Amino acid sequence: MSRKRWYWLLVIPAVVPLLVPLYDRVDPTVYGFPFYYWGQLAFVALAMLTMTVVRVLTRRR
Amino acid sequence: MPHRVEISVFVGMFVAVAGPGLLAARWRRPASFNDLDSWGLGSRSFGPYVSWFLLGGDLYTAYTFVALPALMYGVGAAGFYAVPFAIVGYPLGFVALTRLWSVAHVHGLVTPADFVRARFGSRGLALLVAVTGIVATMPYIALQLIGVEAVLTTLGVPGKWPLAIAFAVLAIFTYHSGLRAPALIAFVKDILLGYVVLAVLLTVGMTWNAWGGVFHSAELKFHTRGPLLPASGQLGYVSLALGSALAIFLYPHAITGVLAARNRETVRRTIATLPIYTAMLGLVALLGFTAIAWGVKPVGGDHNTVLPALLHGFLPEWLAGFAYAAIGVGALVPASVMSIATANLFARNIYREYLRPAASPAAELRVSKLASLAVKLGAAGFVLLLNPQFSVDLQLIGSVVILQTLPAVGLGLYTSWFHRRALVAGLLCGLATGVALLYQTPQLAPTGRVVRAHFGGSSWSLAHLGIHNGQSIYIGLIALAVNLVVTVGLTPVLRATGVPDGLDITWKHDYEADEGDPSVRRLSELVDGGPMNPVVYEQAVPRHGQPVPPSTVDYRIRR
């Protein structure tokens, strides 16, 4: 039962990509990419990482 | 012929893919191939890899890969909304879809409307959800053809007949092999697509500060502070991303892809790793900026040809041919799954529910296969006979429309509190609001001139409320809010006035059931390598007016 609390971690990737003022900026740029673009692409990694962690922590057996 | 190499590679790849599509019916074939589960859900036997490719090909459609660079080319940073949208949807799907998978396997449900039927005990609501799903998905199929058409236009192929041939190929292998065909073809499509994206990105990235220059030229074109969203565009951006994220897994074709998975862990693993496609999609979208920087001109002013024209201008011919093939094959996968999903909705929730309740599984399958042909014929008609803009408009409406099934299908996975009549009323009010607001929205040129008076976009300007700060909000979310208010408001009223509730035949533990649990039936014979016994078709949903023996279905009157 207590394993279920790990699901709350999923709130992070569900909410962070929606906080537009957080990433609607140019700096810091990486390899020519303004933060607006590489930041949002980085949220992909954030989402995959979070879901994988939750998946492993809540696995049965 | 100016595009000889490109056309040969394109045609060659297309033919090479059609073969496996036809042979797919033999792939992991169960002993009996005569019910809807084996045709329309691939016997619910797909493991993590197949599921990943199938859902990836299903959700990230060819049209998306063509339309997003076109959008970035046309409107700039706002077109990037697809990236947060295709991230936010996954954590939500991760929890909700595993529940849907479990309850669908316990009760033998095939479509989202099946679930609504079981959960809220209402044929009418299920019919409404089914019709909504069909209406939302049909134009989406037509859009896939428009993606292929953009490629053909760039190649200078005249006439509509190549498109008709592509569709005939699609129709034949889907009819023959069911969901197995797109699952197998998705492998080919993704290998092609991944290779092409990598090649293009390397080509762009080889030049020093290439991306800096690309973003700079976008800045020059859109006159913004950096190539970014204006502050007035933020609400529209975030509401569009959120609304689309909530809608994506309500689409029948997404649910079909999920239900075909073998067990819960497959669903979870697939969803946890699918965002890789989002990264690829985001990078492809940025090619719209590359097109600006390199001075690519869309063919005949059609923005959808921006990406094909870019590929044609800057890649070696054979590689451009591969890219076109990736788009063409990429259109077949989602179009096939979508036609299967809509056909299942028709066969299960309209034909068997209303037209012929006594239909045998084999008859149901026959109807579904024919319906899949009819759906594709309809979609082809859309593209070939009507103005393509009509399909784009309908798809715009479609995403607003499908979002209105969220209370019944999405929230229904967590609660059965809603009254069935309240859900019907909410859904209808949401649909009406959505269509009315879309009708109210004009399409504006960058200069502010009205290009078209109606159905010009999905962002509703706050100026309608007297707030003149340039902000807008996604119409789907407004309609959803109306929908929820009506549903939540009417439920207690209906209960208080004694309108009877529907029967909920699902139990709490049904939503957690997994492969191997005694309640999950029809799985042992489907797992790879297991004995292939004839699949026994079980009907868990009680038919209208037909008493169901208590030994097979437990009744619970909802309080």
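The chains referred to below are lettered A, B, ... by the order of the sequence lines, with proteins before strands, and numbering in each begins at 1. Fair warning: this is a prediction, and the values are worked out from it, not measured in the lab. FYI, side chains are in, hydrogens and waters are out, and symmetry mates aren't considered; it's all heavy atoms of this structure.
Side-chain contact of B/Arg269 with A/Thr52: a donor-acceptor pair under 3.5 Å is absent, judged by distance alone.
Two residues are said to be in side-chain contact when any heavy atoms from C-beta on lie closer than 4.5 Å; A/Tyr7 and B/Pro91 fail this criterion. Looking only at side-chain heavy atoms (C-beta outward), B/Tyr90 and A/Thr50 stay at 4.5 Å or farther from each other. Between B/Tyr237 and A/Asp24 the shortest side-chain heavy-atom distance does not fall below 4.5 Å.
Between the CG atom of A/Leu41 and the CD1 atom of B/Ile87 there is a distance of 7.5 Å, given to the nearest 0.5 Å.
Closest approach of B/Ile276 and A/Met48 over heavy atoms only: CG1-CE, 3.3 Å. The two residues B/Leu92 and A/Ala14 have their closest heavy-atom pair at CD2-CB, 4.5 Å.
A/Tyr37 places no side-chain N or O within 3.5 Å of a backbone atom of B/Leu283 that could act as its donor or acceptor partner. Judged purely by atom type and a 3.5 angstrom limit, B/Arg268 uses its side chain to pair as donor or acceptor with the backbone of A/Arg55.
Both the backbone and the side chain of B/Ala77 come within contact range of chain A, each with at least one heavy atom under 4.5 Å from a heavy atom of that chain. Only the side chain of A/Tyr23 comes within contact range of chain B, with at least one heavy atom under 4.5 Å from a heavy atom of that chain. Neither the backbone nor the side chain of A/Val16 comes within less than 4.5 Å of any heavy atom of chain B. When heavy atoms are compared at a cutoff of 4.5 Å, B/Phe80 approaches chain A by way of both its backbone and its side chain. Contacts between B/Tyr277 and chain A at a heavy-atom distance below 4.5 Å are absent for every atom of the residue. Heavy-atom distances place both the backbone and the side chain of B/Ile271 under 4.5 Å from chain A. B/Leu286 touches chain A through its side chain: at least one heavy atom from C-beta onward sits under 4.5 Å away, while N, CA, C and O do not.
Between chain B and the residues A/Leu9, A/Val15, A/Val44, the most heavy-atom pairs under 4.5 angstrom are made by A/Val44. Ranked by heavy-atom pairs shorter than 4.5 Å toward chain B, the options A/Leu10, A/Leu49, A/Thr29 are led by A/Leu10. Contacts with chain B were tallied for A/Pro13, A/Ala42, A/Pro34, A/Ala45; A/Pro34 has the most, counting heavy-atom pairs under 4.5 Å.
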